[in-house]
Amino acid sequence: MDKTSPQDVLLTAAECAARTGISVRTLRVYEANGLLSPVRSQKNWRLYSSGDIARLNEILSLKQLGLSLSAIAEILEGRMTDVGRLLDIQKTILTARQEQAERGLRLVAQLQSKNLAGEGLSMGDLLDLAKETKMNEAADEYAWKRYDQARPRTEIEPDRENLQACAGEYRFEDGIAIRITSTGKALRGELLGQPEFDLFAEAPDRFFLKVTPAQFTFSRDAEGAVEGLVLHQGGFEMKAERCAEGVFATAKAKLEDRIRNKTPFAGGEQKLRRLIGEHREGKPDYVEMTPVLKSLVEEQLPVVVKELERLGQMRSVEFRGVGVDGFDIYIVEFENGRMEWGLSQCPDETLNGLFMRPVP
DNA sequence: CTTCTGACA
DNA sequence: TGTCAGTA
């Protein structure tokens, strides 16, 4: 079922695990449940093809929706049409919601009787109730988006005129510019500081990337002119509006200047020192971060906190230069070692990138 | 040094 | 799902 062409890159179990953020053990479990079937090397090592990775992404998305491994196996293996698959997933989501509503109702009944008995309700009771009634909708929606963004897609023949209409420059709400060009047969996209990528059509105004699970939808105004786009990635949807030609080139030139002249973001070092301090406390300030970065930071926080604990007091912070991707690179010395930190920010100064790694 | 299987928590 | 033993 999985395509494995000769030139396909094959990942070992550990590499695959690292890339997808799950453990080798988990990969084995999925395989045992018939969800994955990587090829084996002569040494009997598992080798994961890009097809396996795609399938794994789909499995992980379905799992986020709360489906059991056996349910996922059924969906993936049965010759379920797309419609059948969607109905199945919707059913799972709605069932979960129903169960949650029932839990909420039980809680309400409990609190009502407590109230009637004149016992008075505590703040904790009310908070429980609020949590039970409100919380999960956002989580469901996020899980659904992640699934929809990660599912396999089918390419269609793009319409020439449509490609031309989509081409142009756009700016996201945080000020980041993106350039879309038409080759006549397909679209290419370029985000500042990142390699260009191809966009494949799956619908007239909807395109997807093959290198990573992400899609673009283009929107039109009343006259039918393309006025904006939405980037769907990582469970998020980021809107951008068409902007003047040349904005991208200007931003690119500015980045190249920063790289050449080793110019850090204004106030970058102070910001970094503050961030490291906050990470040490396990309480980063998310206010000045884009939503995407926030979720990334939240995800890696436990690991970072542990690492900072090991490293001890911060000794010094030294700016090294600007990377090709626009990240300011700093070397941070600690009592027990050193780390490299990188940060990048949008034109409006919100933080949109942060990475850290230990260096020898 | 890494992966594999199987077992147990 | 983490971890351990005993191998290949």
Side-chain angles (χ1 to χ4, degrees), chain A residues 1-78 85 88-89 91-93 95-97 99-100 103 131 135-136 138-140 142-147 149-152 212-213 234-235 279 282 295-311 336-340 355-360:
Chain A
M1 237 203 208
D2 294 321
K3 287 169 285 189
T4 310
S5 53
Q7 63 273 55
D8 214 4
V9 188
L10 295 175
L11 302 177
T12 66
E15 287 166 341
C16 178
R19 184 185 281 207
T20 51
I22 60 178
S23 67
V24 175
R25 174 80 237 265
T26 307
L27 286 173
R28 283 180 46 207
V29 172
Y30 290 175
E31 188 176 340
N33 283 69
L35 295 176
L36 279 173
S37 45
V39 295
R40 298 297 183 111
S41 72
Q42 301 87 326
K43 286 187 210 156
N44 198 31
W45 289 17
R46 277 169 252 257
L47 296 174
Y48 296 84
S49 68
S50 56
D52 291 322
I53 306 286
R55 193 176 167 91
L56 185 52
N57 276 324
E58 198 177 3
I59 294 167
L60 294 176
S61 303
L62 289 167
K63 222 184 50 162
Q64 280 199 351
L65 292 172
L67 282 105
S68 66
L69 289 188
S70 51
I72 295 175
E74 267 178 43
I75 293 175
L76 255 31
E77 280 184 60
R85 180 182 296 183
D88 208 62
I89 291 163
K91 183 178 166 190
T92 309
I93 293 176
T95 307
R97 227 174 257 171
E99 282 164 4
Q100 196 195 357
R103 271 203 309 280
K131 237 192 297 187
M135 269 247 306
N136 257 1
D140 282 348
Y142 176 72
W144 170 254
K145 280 182 187 157
R146 280 194 68 108
Y147 167 72
Q149 291 169 7
R151 79 184 153 76
T212 181
H279 269 81
S295 91
L296 193 74
V297 167
E298 279 173 337
E299 202 175 301
Q300 56 191 198
L301 187 60
V303 183
V304 178
V305 169
K306 217 163 144 190
E307 178 70 358
L308 285 175
E309 209 168 286
R310 187 184 70 73
L311 286 166
N336 309 317
R338 58 212 304 238
M339 280 180 104
E340 185 179 74
F355 77 81
M356 66 249 5
R357 60 160 163 263
V359 286

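Since we're looking at a predicted model, the values are computed, not measured. Here is how names work: the chains are called A, B, and so on, in the same order as the sequence lines, proteins then strands, and each is numbered from 1.
For C/dA8, the paired base is B/dT2 (Watson-Crick or G-U wobble, both distances below 3.5 Å).
Between A/K43 and the phosphate of C/dT7, there is no side-chain N or O to OP1/OP2 separation shorter than 4.0 Å. Contact annotation: A/R28 does not reach the phosphate of B/dC4 (side-chain N/O to OP1 or OP2, under 4.0 Å). Using a 4.0 Å cut-off, no side-chain N or O of A/S23 falls inside it from OP1 or OP2 of C/dT1.
Put simply, CD on A/Q42 is 14 Å from C1' on C/dA8, counting in whole angstrom units. Between the P atom of B/dT3 and the CG atom of A/L10 lies a distance of 15 Å, rounded to the nearest Å. Protein atom CZ of A/R40 is 16 Å distant from nucleotide atom P of C/dA8, rounded to whole Å. Distance CG (A/N44) to P (C/dT7): 17 Å, rounded to an integer number of Å. Rounded to an integer number of Å, the gap from A/L47 CG to B/dT3 C1' is 11 Å. One atom, CD1 of A/I22, and another, C1' of C/dG2, lie 14 Å apart when rounded to the nearest Å. Here C/dT3 presents its P atom at 12 Å from CZ of A/R25, a figure rounded to the nearest Å.
Within the 4.5 Å cutoff, the side chain of A/L56 has no heavy atoms near those of the A/Y48 side chain.
The minimum heavy-atom distance between A/I59 and A/I72, with the atom names listed, is O-CD1, 3.7 Å. A/V305 and A/G282 get closest at one heavy-atom pair: CG2-CA, 3.8 Å.
In summary, A/K306 and A/E309 do not engage in a salt bridge, as defined by a charged side-chain N under 4.0 Å from a carboxylate O.
For A/W45, the side-chain atoms get nearest to B/dT2 when compared with the rest of B/dT5, B/dT2, C/dT1. In the set B/dT5, C/dT1, B/dT3, the nucleotide with an atom closest to the side chain of A/T12 is B/dT3.
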